[in-house]
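Note that ligands are numbered from 1 as they come in the structure, with each ligand's atoms numbered from 1 the same way. Just the heavy atoms: all of them, side chains too, but no hydrogens, waters or symmetry mates, feed the values below.
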Amino acid sequence: MNPLSGTTLRAFLSAVQIQERVAALGQQLTHDYGGTNALHLIGVLKGAWVFLADLVRQVDLPVTCDFIGVSSYGKRTVNSGVVRLTLDLAEPIADLEVVLVEDIVDTGLTMRFLLETLSLRNPRSLRTCTLLDKPSRRIVPFTPDYVGFTIPDYFVVGYGLDLAGAYRHLPYIAICRPSDSSEETAL
Ligand code: IMP
């Protein structure tokens, strides 16, 4: 069955709201890493590439980027509980000031796996930045260092976030629900 059929989108965070918050996060990183040699941002694929592309342009420091891939939810909206590396970093991170950039933290399993994996590679420092945080969904303890928006337990799409590969291109973020839900307004 097509996972997109029978779903409706409801506007949640506008492009302007997102851009303002991303600019503030960039300023915060610029401030916090101002005394260091360089900042190394690692985007978690696939969801974080849109956020990382905007964030890196708001950081007024020497900055380098890399990407790491982990398994996603595929065609479902629930986490299987198994995190799998699908693409490794291109460069070593030893002695670098690393910030791991994620689109959304849900159960916390992905970030816990990545922190455990990357800390073994001896970065000088390792912090986390997520555009969205759903703390009510945690099944393992995890607190991101930088958060764009703390949100309730909604399944959201847009600005890099997908449902079965769709909707990543939207410049805004929308709540995705079954279209038989009574409170929906289609976009
Ligand atoms: P966690 O391991 O459960 O914290 O999940 C993190 C990953 O799940 C994110 O990088 C997303 O790919 C995906 N995810 C979690 N919640 C959502 C959502 O509301 N919309 C789209 N993807 C989500």
Side-chain angles (χ1 to χ4, degrees), residues 2-15 17-18 21-22 25 41-56 65-89 98-119 126-179 181 183-184 187:
N2 180 356
L4 304 183
S5 64
T7 56
T8 309
L9 302 188
R10 182 158 61 91
F12 183 50
L13 295 169
S14 71
Q17 281 176 294
I18 296 168
R21 193 68 194 112
V22 172
L25 287 171
L41 298 179
I42 296 178
V44 183
L45 294 175
K46 297 180 185 172
W49 61 270
V50 177
F51 175 39
L52 180 63
D54 284 344
L55 183 65
V56 72
C65 297
D66 203 346
F67 292 93
I68 196 162
V70 288
S71 54
S72 74
Y73 294 172
K75 293 189 163 78
R76 295 166 300 121
T77 59
V78 289
N79 195 328
S80 63
V82 179
V83 183
R84 198 168 49 89
L85 205 62
T86 56
L87 176 77
D88 205 348
L89 299 174
V98 174
V99 174
L100 198 51
V101 178
E102 178 62 299
D103 54 353
I104 188 164
V105 180
D106 186 45
T107 63
L109 286 165
T110 304
M111 280 309 224
R112 189 185 65 165
F113 169 81
L114 287 172
L115 284 179
E116 283 172 0
T117 304
L118 296 181
S119 59
L126 179 57
R127 286 187 181 153
T128 56
C129 174
T130 186
L131 179 67
L132 304 175
D133 189 17
K134 292 197 273 192
S136 64
R137 294 259 311 157
R138 283 300 189 285
I139 62 175
V140 291
F142 172 73
T143 306
D145 297 295
Y146 301 93
V147 176
F149 301 91
T150 300
I151 67 168
D153 181 11
Y154 297 136
F155 193 85
V156 288
V157 294
Y159 198 71
L161 291 139
D162 75 307
L163 173 63
Y167 305 127
R168 290 194 200 276
H169 65 293
L170 300 177
Y172 54 85
I173 291 174
I175 297 169
C176 191
R177 287 211 183 124
S179 46
S181 175
E183 51 179 300
E184 300 308 326
L187 286 173

contact_flag Tyr154 ligand 1 heavy-atom lt 4.0 Å: yes

Tell me which donor-acceptor pairs under 3.5 Å the side chains of residues 140-153 have, and how far apart each pair is, sequence neighbours excluded?
residue : atom : partner : partner atom : Å
Asp145  : OD2  : Thr128  : N            : 2.9
Asp145  : OD2  : Thr128  : OG1          : 3.4
Tyr146  : OH   : Asp32   : OD2          : 2.6
Tyr146  : OH   : Arg127  : NH1          : 3.1

Close approach, Ile104 and ligand 1, non-hydrogen under 4.0 angstrom: yes

Sidechain-backbone polar pair: Arg138 side chain, Asp106 backbone, donor-acceptor under 3.5 Å: yes

Contacts of Phe12 that satisfy ring-ring contact (aromatic ring centres under 6.0 Å, His included) - sequence neighbours left out: Tyr154

Backbone of Gly69 reached by a side-chain donor or acceptor of Thr86 within 3.5 Å: yes

Enumerated ligand 1 atoms positioned under 4.0 Å from heavy atoms of Thr110: 1 (P), 2 (O), 5 (O), 6 (C)

Candidate with minimal heavy-atom separation from atom 20 (N) of ligand 1, of Asp162, Val156, Leu161: Val156

Ligand 1 to Gly108 polar contact by distance, N or O atoms, under 3.5 Å: yes

Test item: Ile42 and Leu100 side chains (from C-beta on) under 4.5 Å apart, heavy atoms: yes

Lys134 atom NZ: more than 12 heavy-atom contacts under 6.0 Å: yes

Glu102 neighbourhood, listing ligand 1 atoms whose heavy-atom distance to it stays under 4.0 Å: 10 (O)

For ligand 1, the portion of Lys134 having any non-hydrogen atom under 4.0 Å away: side chain

